[in-house]
Amino acid sequence: MRITRIEPFILHIPVTGGSIADSTHRISHWGVVGAKIVTEDGLEGFGFTGTHADLASDRLITSCIRDCYAPLLIGEDASEITRLWLKLARHPALQWVGRAGITQLALAAVDVALWDLKAKAAGVPLWHLLGGATKPTLEAYNTDIGWLSISRDELVEGCRMAVERDGFRRLKVKVGHADPGIDLARLEAVRRAIGDHIALAIDGNGKWDLPTCKRFCARAEALDIFWFEEPLWYDDVGSHAALAKATSIPIALGEQLYSLDAFRAFIAADAIHYVQPDVTRLGGITEYVQVAELALASRLPVAPHAGEMSQVHVHLAYWHQATPLLEYIPWIKDAFVEPANVADGYFLRPQQPGAGTTPTSEALTRYAKPLA
């Protein structure tokens, strides 16, 4: 398991319908930016982070992998993941310029690749390596039908089809218009179409301020909203705590948090009800597990942010006992040897060795972007 080579890569994969938008972003492709780690016996592990497919910033991530982390890893035993994570995350020069952003995204890709290697070496899926599945099924909630770029009529029809044709019992719709009344009208139309028995969550992507959220929630409570995800600026603990006290709608967040300490601050302030860690922000699986265990100790459910990291999150969700559901966004799944597939509203449990992060040879050719 000695590491002999680390090869960064950048893939830009088209999103559904050619373009999507939420309250703060509009993208046409999803960036799969990561690394292949090769050991002396020829075993290959793949890990990646997710980006908005901006080539200039993607190259910052691959440069960090190639120039900063790779020299610290060559010759190391790939199986000693915790020690290697500490070596990279606490390296003095990198800690000085990092702890979030580019260095953390690069660390995530490397850490996931190491876990992929370890599971492949053991000949088992990652969920099995971690300790086994804790649930027979894993329910999916569909976000890909709820973008702000979708008209109200298309939104309603997409939600109806997701329920009636595809078997989803949980949906998530984006909110965040300058006039929240537009969002309320969209949600009311969706609720009428899908009925009262379907769980309906919403996601603001950090757009609104506290007064806007309070007024919106007061009117939205009647729609039985499952959770309000990222209603406010991502790092604002105090405002999330104030909103949590002001509304009966549960608060979900975490996809933009970079550390165990950030999650601890939100949990300590009673500012969060659904914990949404993402391996790409947390420096990989190693720190994700710490956050999931913190949530479990706080008796809070874990709902990993997919967008789009279902390939590895489906393993973590099947394994961790506090995780009842996982987000479904199918942009990149078919670029992998074992796609994260959903049938009748449930994720299929992965069966192949590894973390589900091995791209197909076609994807590595078709979607590749130059590193320089």
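Hydrogens, waters and symmetry mates are skipped; everything else that's a heavy atom, side chains included, is used.
Taking the salt bridge (charged side-chain N to carboxylate O under 4.0 Å, His left out) definition, one finds that Asp261 meets it with Arg264, sequence neighbours left out. Annotation: salt bridge (charged side-chain N to carboxylate O under 4.0 Å, His left out) contacts of Glu164 (sequence neighbours excluded): none. For Tyr69, the ring-ring contact (aromatic ring centres under 6.0 Å, His included) test picks out no residue, with sequence neighbours left out.
In this pair, Trp147 and Trp331 present their aromatic rings parallel. The plane angle is below 30°, not in the 30 to 60° band.
Inspection of the Glu221 and Thr247 side chains reveals an N or O donor paired with an N or O acceptor under 3.5 Å. Checking Asp153 against Ser151 by side-chain atom types alone, no donor-acceptor pair falls below 3.5 Å. Looking only at atom types and distance, the side chain of His313 has no donor-acceptor partner in the side chain of Glu327 under 3.5 Å away. Residues Glu338 and Gln351 have side chains that never bring a donor and an acceptor to within less than 3.5 angstrom of each other.
Trp208 places no side-chain N or O within donor-acceptor distance of the main-chain N or O of Trp233, the cut-off being under 3.5 Å.
Within 6.0 Å of CZ in Arg366 there are 12 or fewer heavy atoms belonging to other residues, nucleotides or ligands.
In this structure, Arg170 satisfies the cation-pi test against Phe226, with its NZ or CZ atom closer than 6.0 Å to the six-membered ring centre and inside 45 degrees of the ring normal.
The same ILVMFWY cluster, assembled from side-chain heavy atoms under 4.5 Å apart, contains both Leu55 and Leu105. In the hydrophobic cluster analysis, where Ile, Leu, Val, Met, Phe, Trp and Tyr join through side-chain heavy atoms closer than 4.5 angstrom, Val110 is grouped together with Ile74.
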message: Quick one, Thr24 with Asp22, criterion side chain to side chain contact (heavy atoms under 4.5 Å, CB included). Give me CA distance, side-chain angles, the key distance, then yes/no.
response: CA-CA 6 Å; Thr24 52; Asp22 56 33; 3.5 Å; yes

message: One pair to check against side chain to side chain contact (heavy atoms under 4.5 Å, CB included): Val33 and Phe48. What are the steps and the verdict?
response: CA-CA 5 Å; Val33 183; Phe48 61 91; 5.9 Å; no

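Taking 4.5 Å as the limit, some side-chain heavy atom of Gln321 sits within range of a side-chain heavy atom of Leu296.
Taking all atoms of both residues into account, the shortest heavy-atom contact from Leu282 to Tyr288 is CD1-CA, 3.8 Å. Shown here for Ala189 and Val156, the closest heavy-atom pair between the two residues is CB-CG2, 3.6 Å.
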